[in-house]
Each structure stands twice: as structure tokens, then as C-alpha cells.
Amino acid sequence: QVHLVESGGGLVQAGGSLRLSCAASGRTFNNYAMGWFRQAPGKERQLVAAISWGSTTRYYSDSAKERFTISRDNAENTVYLEMYSLLPEDTSVYYCAADPSFSALRRGNGLDSWGEGTLVTVSS
């Protein structure tokens, strides 16, 4: 497993932007595909975006397309989620996850590692 620590959450007004970071340690970061999930109160956790170990493949949920960008810096062992034009419905706890399999991230089950999450609150 890798140890994942998210940061960058906070309170932002609708239309604003935030950049989330997820720092990884403990195992070879380059071996892992990375993903960002989110879970709002009373709702199921959902995959927002994922990126393969070499950044050659990216996935975005319909709600994230055109507004969010996932990227990674393998030299810094960090994955980012840049969020623009935020909406109140983007309010959630955002979790970073890692797995050797990009397909497993897409499925969202049985993943190798999870972070503790960072809260994003978008006010209207």
C-alpha cells in the first residue's frame, strides 16, 4: 500500500476554483494509477477522475468533464485535482485513491489505498 494524504479542500463560492493535492509515500508511486473520488452526505461515493501511472490515460465523470483536471507529478509523488467553475453540488468529501490497476479505479472497489479525505464546500 501507499500512504495518501489529501490537502487543499476548503470553502469556496460558487464559480470559484480549488486545487486538491494528494501526497503519496511508502511505495513506488509510479506503479500506481491514481483517482479522486467524492462522497456527499447521504450519497454513494463516486469516481470523479482517474489517471494512469504514466498520465497517458485519464477518466472524468460527466460532472467533472470540462471543469476538472487531474494531473500527477511522479517526481513529487503527488496527484492533483484542479477544479474550476465550482457548483454547490460539488460539495463533498474528496478522497484520493491508488491502485496498480486503472481498471480497478474505474470500478472503485477493493482499491489498494485510500486517503482520509478533504472537505470541499461550495457556497451558493
TODO: For side chain to side chain contact (heavy atoms under 4.5 Å, CB included), just list the numbers for Gln39 and Glu44, CA-CA rounded to whole Å, side-chain angles, deciding distance to a tenth of an Å, and then say yes or no.
DONE: CA-CA 6 Å; Gln39 187 168 22; Glu44 292 187 354; 5.5 Å; no

Task: Residue pair Ser63, Arg38: steps toward the side-chain hydrogen bond (donor to acceptor under 3.5 Å, both in side chains) verdict - done: CA-CA 11 Å; Ser63 61; Arg38 70 184 184 187; 3.3 Å; yes

Task: Test log, rule side chain to side chain contact (heavy atoms under 4.5 Å, CB included), inputs Thr69 and Leu81 - done: CA-CA 6 Å; Thr69 301; Leu81 185 68; over 6 Å; no

TODO: Evaluate the criterion side chain to side chain contact (heavy atoms under 4.5 Å, CB included) for residue pair Ser113 and Gln1; output intermediate values, then yes/no.
DONE: CA-CA 6 Å; Ser113 305; Gln1 291 185 334; 3.4 Å; yes

TODO: Take Leu47 and Arg106, measure what side chain to side chain contact (heavy atoms under 4.5 Å, CB included) needs, and give me the verdict at the end.
DONE: CA-CA 7 Å; Leu47 177 63; Arg106 291 287 309 273; 4.1 Å; yes

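The two residues Glu6 and Cys96 have their closest heavy-atom pair at OE2-N, 2.8 Å. Between Ser17 and Ser85, the shortest heavy-atom contact is OG-N, 4.4 Å. Minimum heavy-atom separation, Asp112 to Pro100: CB-CD, 4.1 Å. Scanning both residues, Leu86 and Val12, for their nearest heavy atoms gives CD1-CG1, 3.6 Å. Here the closest non-hydrogen pair linking Thr78 and Ser21 is CG2-CB, 4.3 Å. Closest non-hydrogen pair, Gly9 versus Thr118, comes out as N-OG1, 3.2 Å.
Listed for the Ser101 side chain is a donor-acceptor partner under 3.5 Å among the backbone atoms of Ser103.
In this structure, the separation between CD1 on Ile70 and CE on Met83 is 11.5 Å, given to the nearest 0.5 Å. For the atom pair OG (Ser7) and CZ (Arg19), the distance works out to 8.5 Å, reported to the nearest 0.5 Å. To the nearest 0.5 angstrom, Leu119 atom CG is 7.5 Å from Thr91 atom OG1.
Every salt bridge (charged side-chain N to carboxylate O under 4.0 Å, His left out) that Lys65 has, sequence neighbours left out, goes to Asp62. The side chain to side chain donor-acceptor pair (under 3.5 Å) search around Ser52 returns Thr56, not counting sequence neighbours. Under the ring-ring contact (aromatic ring centres under 6.0 Å, His included) criterion, Tyr95 pairs with no residue at all, not counting sequence neighbours. The side chain to side chain donor-acceptor pair (under 3.5 Å) check on Arg67 picks up Asp90, with sequence neighbours excluded. The side chain to side chain contact (heavy atoms under 4.5 Å, CB included) test applied to Ser124 returns Pro88, not counting sequence neighbours.
At a threshold of 4.5 Å between non-hydrogen side-chain atoms, the residues Leu105 and Leu111 count as touching.
The cationic group of Arg72 does not satisfy the cation-pi geometry with Tyr32, failing either the under 6.0 Å distance to the six-membered ring centre or the 45° limit from the ring axis.
Contacts classified as ring-ring contact (aromatic ring centres under 6.0 Å, His included) and involving residues 33-90 (residues at least two apart or in different chains) are given here: Phe37-Trp114.
Under the 4.5 Å side-chain heavy-atom criterion for Ile, Leu, Val, Met, Phe, Trp and Tyr, Val48 and Leu4 are members of the same hydrophobic cluster. With hydrophobic clusters built from ILVMFWY side chains whose heavy atoms lie under 4.5 angstrom apart, Met34 shares a cluster with Val120. Taken together through direct or relayed side-chain contacts under 4.5 Å among Ile, Leu, Val, Met, Phe, Trp and Tyr, Val79 and Leu20 form part of one hydrophobic cluster.
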